Peer 1: 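Okay, handing you the structure first.
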Amino acid sequence: MSLSISQQLAQFTTSTRYDDLPADVVHESKRILLDSIGCAIGGIELHKSRIAVRFAEAQSPGDTSATIFGSSVRSSIFGASFANGEAINALDFDAVLPPGHVSPYVLPGLLAVAEVDRSSGRDVLLATAISHEMTNRFGKAMDYIRDIVDGKHRMPDVLGYASSVFGATAAVTLLRGASTEVTSHALSIAASISPVNSHRSWLDHAPVSTIKYTMAGPIVQAALTAAYMAILGHRGDPAVFDDPEHGYRKFIGSSRWQPERLLGSLGSEWFFQKENAFKVYPHCRALHGLLDILVGILDQNSIESGEIQAIRAWGEGHTEFACWTTRDISDPVDGQFSATHGLAVGALRLPKSKIWHDPNVVLTPPVMDLMSRITYGTHPDWARLVATDPAARPSRVEVDAHGQTFVAELIYPKGTPGAAGGSEMSDSELADKFRLNAEGVLSRDVTERAVEGFFEMEKMEDVSPFLKSLGALSADA
């Protein structure tokens, strides 16, 4: 009798050992942990994160077993996981990987469990790799925001990152030492309690909801619930992934279901480390190629933002929706996605950090004024190039200033994985990004020990002291 999809995924989870991981998979897992926790620390004071911390406190008064990164508040596994998921994604500075964002959904649960259970660094790296690989495969088996059909972009009617719940669940069961059978039940339970895919509604409506496209906290807690329920004895639906008409594919709303992309070469070939793209700017990555070009034009020609007469930009082909086209900015979340606002902030050439979401920047008159002189449209080659190379992000910018028009184009924004032909972020660049995120939150000594610790995590017998050191607010005088 052939194994069900949940059994095959469970077998991948329980049979893979740290020593089985390719070197580039281990290395990328370290980079993802460094970047994601840095984003949480940098974003901890945003309104979205502050709400999440208050909610964590309300969930588990008196339980201080797990760290909320960048915060003096500690909480339970469930509370800290909720808050950390929200904080990682608060700045929209975290890495992107099909189906979109992954780390804010899959890392918080495994990190809280690892801290409480005193897991080793090798176990954390293994859980990180499995969670990202599984989620990446689900993303490619289902509808995707950049699907190209017959040479044209097709925006799915239902869209979101809810399938991240499976990578998150697998990571928790792995760290808790669950059997293959229990892990299979946990994954199928996760399918039955998965939050909805609400991203498409979020794209279409302005002002956007400040919980953002797919709220991280509920995904994280659904994964923890699924793992705990299976470990405590609940049974899942064994055919929930195998039934294309009445299973997960249908109740998550995907018109496409390709199990071969989910299961093909599972365990023998890894993809996430080749497709994971880090962010240079705390803004939706749809704009990053344009920001690279704009900053380059301004730097090379000594143009100040106040000297710009007009900016014309052409980029991603799916950005005709309300969240990207809005010019009504009243909250930092609005600014994280508005194309015209993002380019106006980029023209200020501020440090690429949380300062982009300071209300004194978001709503400053020079930014709001420059927005009125910016136009945005789809690059004419976008669909063709993305169809042949999913990592391509063709971008073109024209700037009118100094009585001239300055023009530049690119295909791959900074942060694109090198295997895709782009310009990936180096370890030192990611370390500098972490340092910038940690400014005013962690002391310099703690920050430097953290950078070193992430890249040597496999040497840790117990990650608890390390993770705890990233919680308490400790800025140097």
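Note that the coordinates shown come from a computational prediction; the quantities given were computed from them, not determined experimentally.
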Peer 1: Scan side-chain atoms only and decide if Thr326 and Ser338 contain a donor-acceptor pair under the 3.5 Å cut-off.
Peer 2: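 Thr326 vs Ser338: no donor-acceptor pair found between side chains.
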Peer 1: Under the side chain to side chain contact (heavy atoms under 4.5 Å, CB included) rule, what do Phe166 and Val106 come out as? Steps first, then yes or no, please.
Peer 2: CA-CA 8 Å; Phe166 304 114; Val106 305; over 6 Å; no
Peer 1: What's the separation between atom OG in Ser71 and atom CG in Leu470, rounded to the nearest 0.5 Å?
Peer 2: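 So the gap between those two atoms works out to 12.5 Å.
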Peer 1: I'd like to check Phe272 versus Ser29 (side-chain heavy atoms, cut-off strictly below 4.5 Å). Are they in contact?
Peer 2: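 Yes, at least one pair of side-chain atoms sits under 4.5 Å.
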Peer 1: Applying the side-chain contact (heavy atoms from CB on, under 4.5 Å) criterion to His101, which one of Thr214, Thr135, Asp92 satisfies it?
Peer 2: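 Filter result, single survivor: Asp92.
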Peer 1: Just verifying a value: how many Å separate Asp204 CG and His199 NE2, rounded to the nearest 0.5 Å?
Peer 2: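 Asp204 atom CG to His199 atom NE2 measures 10.0 Å (nearest 0.5 Å).
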Peer 1: Would you please test Glu452 and Arg449 for salt bridge (Lys or Arg N to Asp or Glu O under 4.0 Å) and show each step?
Peer 2: CA-CA 5 Å; Glu452 181 179 353; Arg449 286 196 297 270; over 6 Å; no
Peer 1: Would you say the side-chain atoms of Arg285 and Thr416 include a donor-acceptor pair closer than 3.5 Å?
Peer 2: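 Yes, because at least one side-chain N or O of Arg285 sits under 3.5 Å from a partner of the opposite role on Thr416.
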Peer 1: Examine distances only and state if a side-chain atom of Lys48 and a backbone atom of Ile211 form a donor-acceptor pair shorter than 3.5 Å.
Peer 2: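 Answer holds: yes.
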Peer 1: Between Glu448 and Arg435, does any side-chain N to carboxylate O distance fall below 4.0 Å?
Peer 2: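 Yes, Glu448 and Arg435 are salt-bridged.
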Peer 1: Under the 3.5 angstrom rule, does the side chain of Lys212 hit a backbone N or O of Asn89 as a donor-acceptor pair?
Peer 2: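 Between the backbone of Asn89 and the side chain of Lys212 there is a qualifying donor-acceptor contact (under 3.5 Å).
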Peer 1: Run through Leu266, Leu174, Leu21 and flag the one making a side-chain contact (heavy atoms from CB on, under 4.5 Å) with Thr16.
Peer 2: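 Going through Leu266, Leu174, Leu21 one by one, the side-chain contact (heavy atoms from CB on, under 4.5 Å) with Thr16 is satisfied by Leu21 alone.
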Peer 1: Identify the two heavy atoms, one from Ala227 and one from Val172, that lie closest to each other, and give their separation to 0.1 Å.
Peer 2: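 In terms of heavy atoms, the two residues are closest at CB-CG1, 3.6 Å.
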Peer 1: Under 3.5 Å, is there a donor on one side chain and an acceptor on the other for Ser65 and Asp63?
Peer 2: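 The answer is yes; a qualifying pair exists.
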Peer 1: State whether the number of non-hydrogen atoms from other residues, nucleotides or ligands found under 6.0 Å of Glu320 atom CD is greater than 12.
Peer 2: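 Enclosed: over 12 neighbouring heavy atoms sit under 6.0 Å from CD of Glu320.
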Peer 1: Are Asp292 and Tyr281 close enough that a side-chain donor and a side-chain acceptor fall under 3.5 Å?
Peer 2: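 Their side chains do contain a donor-acceptor pair, which is all the 3.5 Å distance test asks for.
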Peer 1: Determine, stepwise, if the pair Gln221 / Ser81 fulfils side chain to side chain contact (heavy atoms under 4.5 Å, CB included).
Peer 2: CA-CA 7 Å; Gln221 291 195 334; Ser81 296; 5.6 Å; no
Peer 1: State whether a side-chain donor-acceptor pair under 3.5 Å links Glu439 with Ser353.
Peer 2: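 There is no such pair between these side chains.
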Peer 1: Decide ring-ring contact (aromatic ring centres under 6.0 Å, His included) for Trp257 and Phe251; before the verdict, give the C-alpha distance in whole Å, the side-chain angles of both, and the deciding distance to 0.1 Å.
Peer 2: CA-CA 12 Å; Trp257 180 235; Phe251 48 76; over 10 Å; no
Peer 1: Could you tell me whether a side-chain N or O of Arg50 sits under 3.5 Å from a main-chain N or O of Glu45, the two making a donor and an acceptor?
Peer 2: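 At least one qualifying donor-acceptor pair exists.
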Peer 1: Classify the ring geometry of Phe454 against Phe434: parallel below 30°, tilted from 30° to 60°, perpendicular beyond 60°.
Peer 2: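 Taking Phe434 first and then Phe454, their aromatic rings stand perpendicular (interplane angle over 60°).
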Peer 1: Ignoring hydrogens, what is the shortest heavy-atom contact between Ala129 and Val25? Give both atom names and the distance.
Peer 2: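 Heavy-atom minimum between the residues: CB-CG1, 3.6 Å.
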Peer 1: Evaluate the side chain to side chain contact (heavy atoms under 4.5 Å, CB included) criterion for residues Met142 and Arg249: first the C-alpha distance (whole Å), next the side-chain angles of each, then the deciding distance (0.1 Å), finally the verdict.
Peer 2: CA-CA 8 Å; Met142 304 169 72; Arg249 170 261 182 97; 5.7 Å; no
Peer 1: Ignoring hydrogens and geometry, is there a side-chain-to-backbone donor-acceptor pair from Glu275 to Pro98 under 3.5 Å?
Peer 2: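 Absent.
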Peer 1: Hey, is the main chain of Gly264 close enough, under 3.5 Å, to the side chain of Arg137 for a donor-acceptor pair?
Peer 2: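 Pair found, side chain donor or acceptor close to backbone of Gly264.
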Peer 1: Indicate whether the side chain of Lys140 and that of Asn136 have a donor and an acceptor atom separated by less than 3.5 Å.
Peer 2: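 Yes.
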Peer 1: Among side-chain atoms of Asp237 and Ser188, is any donor-acceptor pair under 3.5 angstrom?
Peer 2: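 The criterion, which ignores hydrogens and geometry beyond distance, is not satisfied for Ser188 and Asp237.
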Peer 1: Any side-chain heavy atom of Asn84 within less than 4.5 Å of one from Leu111?
Peer 2: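 Of all side-chain heavy-atom pairs linking Leu111 with Asn84, none is under 4.5 Å.
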Peer 1: Side chains of His234 and His185, heavy atoms from C-beta outward: is any pair under 4.5 Å?
Peer 2: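 No; the side chains remain at least 4.5 Å from each other.
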Peer 1: Do the side chains of Leu110 and Ser131 get nearer than 4.5 Å, heavy atoms only?
Peer 2: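 Contact flag for Ser131/Leu110 side chains = yes.
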Peer 1: Examine distances only and state if a side-chain atom of His205 and a backbone atom of Ser201 form a donor-acceptor pair shorter than 3.5 Å.
Peer 2: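 Here the side-chain-to-backbone pair exists.
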Peer 1: Over 60° means perpendicular and under 30° means parallel, so tell me whether Phe337 and Trp202 are parallel, tilted or perpendicular.
Peer 2: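 The rings of Phe337 and Trp202 stand perpendicular, inter-plane angle above 60°.
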Peer 1: Take Ile329 and Val367, measure what side chain to side chain contact (heavy atoms under 4.5 Å, CB included) needs, and give me the verdict at the end.
Peer 2: CA-CA 11 Å; Ile329 309 298; Val367 169; over 6 Å; no
Peer 1: Please report the C-alpha distance between Arg31 and Asp35 in whole Å, then the side-chain angles of each, then the deciding distance to 0.1 Å, and finally whether the salt bridge (Lys or Arg N to Asp or Glu O under 4.0 Å) criterion is met.
Peer 2: CA-CA 6 Å; Arg31 285 157 52 89; Asp35 186 69; over 6 Å; no
Peer 1: Parallel, tilted or perpendicular, judged at 30° and 60°: which one describes the rings of Tyr161 and Tyr213?
Peer 2: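 Tyr161 vs Tyr213 ring planes: perpendicular.
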Peer 1: Show the nearest heavy-atom pair for residues Leu46 and Ala90, with the distance to one decimal.
Peer 2: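 It is CD2-O, 3.5 Å.
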Peer 1: Between Arg176 and Tyr228, is there a side-chain donor-acceptor contact under 3.5 Å, judged purely by atom types and distance?
Peer 2: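 Side chains of Tyr228 and Arg176: pair found under 3.5 Å.
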Peer 1: Would you please say whether a donor-acceptor pair under 3.5 Å links the side chains of Ser443 and Asp445?
Peer 2: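 Side chains of Ser443 and Asp445: no pair found under 3.5 Å.
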Peer 1: Looking at Ser4 and Asp242, what are the two nearest heavy atoms and their distance?
Peer 2: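 Of all heavy-atom pairs spanning Ser4 and Asp242, the closest is CB-OD2, 3.4 Å.
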Peer 1: Might you point out which heavy atoms bring Lys352 and Phe93 nearest each other, and give the distance in Å?
Peer 2: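 Taking Lys352 first and Phe93 second, the nearest heavy atoms are O-CZ, 3.3 Å.
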Peer 1: Within this structure, what is the NZ-CG distance for the pair Lys279 and Leu430, rounded to the nearest 0.5 Å?
Peer 2: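 Lys279 atom NZ to Leu430 atom CG measures 14.0 Å (nearest 0.5 Å).
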Peer 1: In terms of side-chain geometry, is the basic nitrogen of Glu115 or Lys468 positioned less than 4.0 Å from the acidic oxygen of its partner?
Peer 2: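 Here Glu115 does not pair with Lys468 in a salt bridge, since their nearest N and O are not under 4.0 Å apart.
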Peer 1: Take a 6.0 Å sphere around CG of Asp157 and say whether it holds more than 12 heavy atoms from other residues, nucleotides or ligands.
Peer 2: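 No, because the 6.0 Å sphere around CG of Asp157 holds 12 heavy atoms or fewer from other groups.
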Peer 1: As a quick check of understanding, evaluate side chain to side chain donor-acceptor pair (under 3.5 Å) for Ser255 and Asp143, giving each step before the final call.
Peer 2: CA-CA 6 Å; Ser255 65; Asp143 288 336; 2.9 Å; yes
Peer 1: Tell me the closest heavy-atom pair linking Ala162 and Ser194, and the distance in Å.
Peer 2: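 In terms of heavy atoms, the two residues are closest at CB-OG, 3.6 Å.
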Peer 1: Please determine whether a side-chain nitrogen of the Lys or Arg among Arg54 and Glu57 lies less than 4.0 Å from a carboxylate oxygen of the Asp or Glu.
Peer 2: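 Glu57 and Arg54: not salt-bridged.
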Peer 1: If you count the non-hydrogen atoms of other residues, nucleotides and ligands that lie under 6.0 Å from CD in Glu269, is the total more than 12?
Peer 2: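 Check passes, neighbour count above 12.
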Peer 1: Are more than 12 heavy atoms, taken from residues, nucleotides or ligands other than Arg235, located less than 6.0 Å from that residue's CZ atom?
Peer 2: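 Atom CZ in Arg235 is not packed in, count stays at 12 or less.
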Peer 1: Answer yes or no: is there an ion pair linking Glu429 with Lys414, defined by an N-O contact shorter than 4.0 Å?
Peer 2: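 Lys414 and Glu429: salt-bridged.
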Peer 1: Do the ring centers of Phe241 and Phe138 come within less than 6.0 Å of each other?
Peer 2: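 Yes, close enough.
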Peer 1: Contact between His341 and Asp334 at the side-chain level, heavy atoms closer than 4.5 Å - yes or no?
Peer 2: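 No; the side chains remain at least 4.5 Å from each other.
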Peer 1: To the nearest 0.5 Å, how far apart are CG in Leu436 and CG in Asp432?
Peer 2: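 Here the interatomic distance stands at 8.5 Å.
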Peer 1: Does a side-chain heavy-atom distance below 4.5 Å link Trp356 with Gln336?
Peer 2: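 No, their side chains stay 4.5 Å or more apart.
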Peer 1: Within a strict 4.5 Å, meaning less than it, do heavy atoms of the Val345 and Thr364 side chains meet?
Peer 2: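 No, too far: nothing below the 4.5 Å cut-off.
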Peer 1: Is there a side-chain contact between Glu86 and Met215 (heavy atoms, below 4.5 Å)?
Peer 2: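 Touching, per the 4.5 Å side-chain cut-off.
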